[in-house]
Amino acid sequence: MLLTVLWSAIAVNGAYAWLSRQLIHGIRSLPNAPLALPDINPWISVLIAARNEEKDLARTLNHILAQEYPSDRWEIIVIDDRSSDGTRSILNDFSLRFPQSIKILRVEDAEQSSLSPKKYALQKGLKIARGEWIVTTDADCTMGPLWLKSLSAHFEAGVALVQGLTVYRRPEKPGLFFGAQSLEFLSYGLVSAALIGLGFPVSGNANNLAYRRSAERESR
């Protein structure tokens with residue numbers, strides 16, 4: 001009995017050691033050289049599903065509108081998912097001020113779909129998107145002026161999906177829960193990055209994601 005337990009402990013420790021080495025190798029395999037921003041600017045549709053986001057939505061839209069990307073090569077499609085706060089008013093204001101850049105859709109029938117409400121909303125937006133590339137983000141995100149340009153630096157032939165980095169804001173008064181959540185996000189991010197480095201991506205965060213429209217059609 002003791003020998004069995006000992007061998008089990010050795011096997012478990014050996015598996016953890018092998019896995020740790022693989023993850024470290026994956027992290028080291030990630031490219032670390034800065035990308036040259038391309039001169040070619042493919043058509044991009046930015047999709048945002050928003051529900052009761054009156055607190056953050058205007059800030060997010062202003063950040064996207066400030067992108068250093070040709071204004072005639074991208075659009076923002078916001079899907080209002082049954083909001084009951086001031087989200088609709090904010091969207092109406094932005095659509096009036098930026099009619100060439102922002103399109104608004106409203107969802108009232110999500111309960112009739114087998115998809116989750118957010119996926120259903122994004123699917124609605126995808127149907128009217130004109131972009132060669134689809135970029136998704138959330139209504140409470142912020143991004144720098146080179147966000148779209150940096151993503152498009154990866155839009156090479158043969159690439160169907162690009163996963164961007166997501167950084168979470170530290171609250172003014174972080175509590176114990178925030179510390180535990182930060183540790184969880186850190187471990188999740190490290191494992192996800194390592195698997196990308198190993199050529200075996202298994203997960204990603206949809207608030208900073210881009211995919212080729214033709215690849216989406218082929219996957220149906």
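Everything numeric here is computed off the predicted structure, so don't read it as measured data. Residue numbers start at 1 and run along the sequence shown. Both backbone and side-chain heavy atoms feed into the values below; hydrogens, waters and symmetry mates do not.
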Rounded distance [0.5 Å steps], [atom1] in [X] versus [atom2] in [Y]:
X	Y	atom1	atom2	answer
Glu132	Ser214	CD	OG	7.5 Å
Trp43	Arg213	CH2	CZ	12.0 Å
Thr137	Leu151	OG1	CG	9.5 Å

With sequence neighbours excluded, tell me which residues meet side chain to side chain contact (heavy atoms under 4.5 Å, CB included) with [X].
X	answer
Arg28	Ile24
Leu190	Ile27, Leu186
Lys119	Leu115, Ser116
Leu23	Leu19, Val191, Ala194

Residues at least two apart in sequence or cross-chain that pass salt bridge (charged side-chain N to carboxylate O under 4.0 Å, His left out) with Arg51, listed by chain then number, are none
Tell me whether [X] shares a hydrophobic cluster with [Y], the cluster being built from Ile, Leu, Val, Met, Phe, Trp, Tyr side chains joined at under 4.5 Å.
X	Y	answer
Leu146	Leu65	no
Leu126	Ile64	no
Leu47	Ile104	no
Ile102	Trp133	yes
Ile134	Val159	no

Return yes if some donor-acceptor pair links the side-chain N/O of Gln163 with the main-chain N/O of Asn208 below 3.5 Å, else return no. yes
Can you check whether Ala139's main-chain N or O pairs, donor with acceptor, with Thr60's side chain at less than 3.5 Å? yes
Tell me every residue that passes side-chain hydrogen bond (donor to acceptor under 3.5 Å, both in side chains) with [X], counting only those two or more places apart in sequence or in another chain.
X	value
Arg59	Asp56
Glu75	Ser45, Lys103, Arg130
Thr87	Asp85
Thr136	none

If you compare all heavy atoms of [X] against all heavy atoms of [Y], which two are closest, and at what distance to 0.1 Å?
X	Y	value
Ala49	Ala121	CB-CB, 4.0 Å
Ser29	His25	OG-O, 2.7 Å
Arg73	Asn41	NE-O, 2.9 Å
Asn52	Ser84	OD1-N, 2.6 Å
Ala210	Val135	CB-CG2, 3.8 Å
Arg82	Val107	CG-O, 3.0 Å

For a 4.5 angstrom cut-off between non-hydrogen side-chain atoms, does Val46 reach Val78? no
Are Lys124 and Asp109 packed together at the side-chain level, in the sense that at least one heavy-atom pair is separated by less than 4.5 angstrom? yes
Give the table of side-chain donor-acceptor pairs shorter than 3.5 Å for residues 91-100, with sequence neighbours excluded, one pair per line with atom names and distance.
unit_1: Asn92; atom_1: OD1; unit_2: Arg106; atom_2: NH2; d: 2.7
unit_1: Asn92; atom_1: ND2; unit_2: Arg88; atom_2: O; d: 3.3
unit_1: Asp93; atom_1: OD2; unit_2: Arg97; atom_2: NE; d: 3.2
unit_1: Asp93; atom_1: OD2; unit_2: Arg97; atom_2: NH2; d: 3.1
unit_1: Ser95; atom_1: OG; unit_2: Leu91; atom_2: O; d: 3.1
unit_1: Ser95; atom_1: OG; unit_2: Asn92; atom_2: O; d: 2.9

Ring pair (Phe, Tyr, Trp, His ring centres under 6.0 Å) partners of Tyr211, counting only residues at least two apart: none
Strictly by modelled atom types, are Asp81 and Tyr120 linked by a side-chain donor-acceptor pair under 3.5 Å? no
Does anything in residues 62-72 pair up under side chain to side chain donor-acceptor pair (under 3.5 Å), and if so which pairs, sequence neighbours excluded? none
Among Ile77, Asp80, Leu61, which residue meets the side chain to side chain contact (heavy atoms under 4.5 Å, CB included) test with Ile48? Leu61
